[in-house]
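Written out below as structure tokens is the structure these notes cover.
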There are 2 protein chains.
Amino acid sequence: MRDLANALGIEAASIYSHIRSKEEILQRVCFRMADEFFGAIEAVKDNDANATEQLKRAISAHVQVLTRNTEASAVFLQEWRHLSEPYHTEFLALRDRYENYFREIIRQGIASGEFQVPDEKFAVLTILSGLNWIHTWYKPDGKMKPAEIAENLSAMLLNGLKTNLN
Amino acid sequence: MRDLANALGIEAASIYSHIRSKEEILQRVCFRMADEFFGAIEAVKDNDANATEQLKRAISAHVQVLTRNTEASAVFLQEWRHLSEPYHTEFLALRDRYENYFREIIRQGIASGEFQVPDEKFAVLTILSGLNWIHTWYKPDGKMKPAEIAENLSAMLLNGLKTNLN
DNA sequence: TTAATTTGCTAACGAACGTTAGGTTGTTTA
DNA sequence: TAAACAACCTAACGTTCGTTAGCAAATTAA
């Protein structure tokens, strides 16, 4: 709280005019970021598109949220485990729901023959790992723009590293 | 320190017969895990193998270390940023060195025509994201064994999700 | 213009934290 | 068998932490 107050240019005690507790800050960051992610992925949801296109859109939506909110993303991804109950359990439920968006896309891809994955849950976790690792290295003034990141990640996850001989 | 002491069944003050400081525990975990990773990847290094085979081996080696040391891995991956100087800088240098192993494999794959990636650094970061996310969900008594995890991750990263029409 | 509200201040506070010091007990070594 | 050493204990300690209380100043609303 003293570090935060220093960054804000006020005293730590003054922060309590605006919030109830330190825990409330964490709750707000985590649940607001969750809302951002859900909002973004709902916005690109198109059941008429094929699974490949849907995955690309979902990846792009996720990348946009991460790269628009780099600091909140870091807090969201690294500090959620410090949430106290019942928020901790609520948060995990939201995470499961969000993972299900991706899971459903994978299922559709398998059903339509577009995708071939040995384990769909594993595939989702790996997709999300690639997405949620971005915050560890992404810099707004870095070489790669968010759209390029989404494109590269989609290409890598869909096509793999191996040169396609077609 | 009190939580750790509780888990050990001794008093917190007693821990100081065995270590110098809390920071030393973090240093030991981080640098020993780094040694484990380096040792494992050196052991599978085979410059005569093609890039695909080398990547598979590197992935497998990494997964073995992670899954053999689930708690230390969690500390290593989540708490290294709390290292104080000069250990923090040392640690980043080790991380860079480790990433270079993978980067070299990717370069070889591009040079030999086996791989087609738009950005090699991005490719390495994505590979490592898939690897280092494992600790968030892996359970020793879980459905998927370490060898299967390595296999699935290799397949997914090399071949991608898309069904190969060959 | 005055009252109400908001925002920030100082000065704590109780709790938690990492760690030290001195002593006791148990183990090992000579 | 006694001395040396290791490991653990209790009892702190100074520091850091999140937060409260009371007050002043600034801002907003009536």
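Here is how names work: the chains are called A, B, and so on, in the same order as the sequence lines, proteins then strands, and each is numbered from 1.
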Spatial distance of atom [atom1] ([X]) from atom [atom2] ([Y]) [nearest 0.5 Å]:
X: B:Q108; Y: B:T52; atom1: CD; atom2: OG1; answer: 11.0 Å
X: B:Q27; Y: B:S84; atom1: CD; atom2: OG; answer: 6.0 Å
X: B:R57; Y: B:L55; atom1: CZ; atom2: CG; answer: 11.5 Å
X: B:L153; Y: B:I134; atom1: CG; atom2: CD1; answer: 5.5 Å
X: A:M1; Y: A:S21; atom1: CE; atom2: OG; answer: 8.0 Å

Query raised in the report: Using a heavy-atom distance cut-off of less than 4.0 Å, which residues of residues 79-91 of chain A contact DNA chain D?
Result: none
Under 3.5 Å, which protein N or O atoms sit close to an N or O of nucleotides 4-9 of chain D? Give each pair with its distance.
residue, atom, partner, partner atom, Å
D:dC8, OP2, B:H18, NE2, 2.4
D:dC9, OP2, B:E11, N, 2.6
D:dC9, OP2, B:S14, OG, 2.6

Could you check how far [atom1] of [X] sits from [atom2] of [N], rounded to whole Å?
X: B:N6; N: C:dC17; atom1: CG; atom2: C1'; result: 14 Å
X: B:I15; N: D:dT10; atom1: CD1; atom2: P; result: 14 Å
X: A:Y16; N: D:dA21; atom1: OH; atom2: P; result: 13 Å
X: A:M1; N: C:dG8; atom1: CE; atom2: P; result: 13 Å
X: A:I25; N: D:dC17; atom1: CD1; atom2: P; result: 15 Å

Query raised in the report: Are the side chain of A:E114 and the backbone N or O of A:A51 linked by a donor-acceptor pair below 3.5 Å?
Result: yes
Query raised in the report: Between B:T89 and B:P86, is there a donor-acceptor pair closer than 3.5 Å when you use the side chain of the first and the backbone of the second?
Result: no
Between the protein and nucleotides 14-16 of chain C, are there any N/O to N/O pairs under 3.5 Å, and if so, what are the atom names and distances?
none

Requested in this report: Evaluate the salt bridge (charged side-chain N to carboxylate O under 4.0 Å, His left out) criterion for residues A:E79 and B:R81: first the C-alpha distance (whole Å), next the side-chain angles of each, then the deciding distance (0.1 Å), finally the verdict.
Outcome: CA-CA 13 Å; A:E79 308 297 341; B:R81 56 200 168 91; 3.3 Å; yes
Requested in this report: Could you tell me whether B:F76 and B:F91 have their ring centroids closer than 6.0 angstrom?
Outcome: yes
Report task. On the 0 to 90° scale, with breaks at 30° and 60°, tag the B:H62-B:F102 ring pair as parallel, tilted or perpendicular. Result -> perpendicular
**Report entry** Trace of the salt bridge (charged side-chain N to carboxylate O under 4.0 Å, His left out) decision for B:R107 with B:E104
**Finding:** CA-CA 5 Å; B:R107 275 196 212 105; B:E104 190 47 44; 2.8 Å; yes
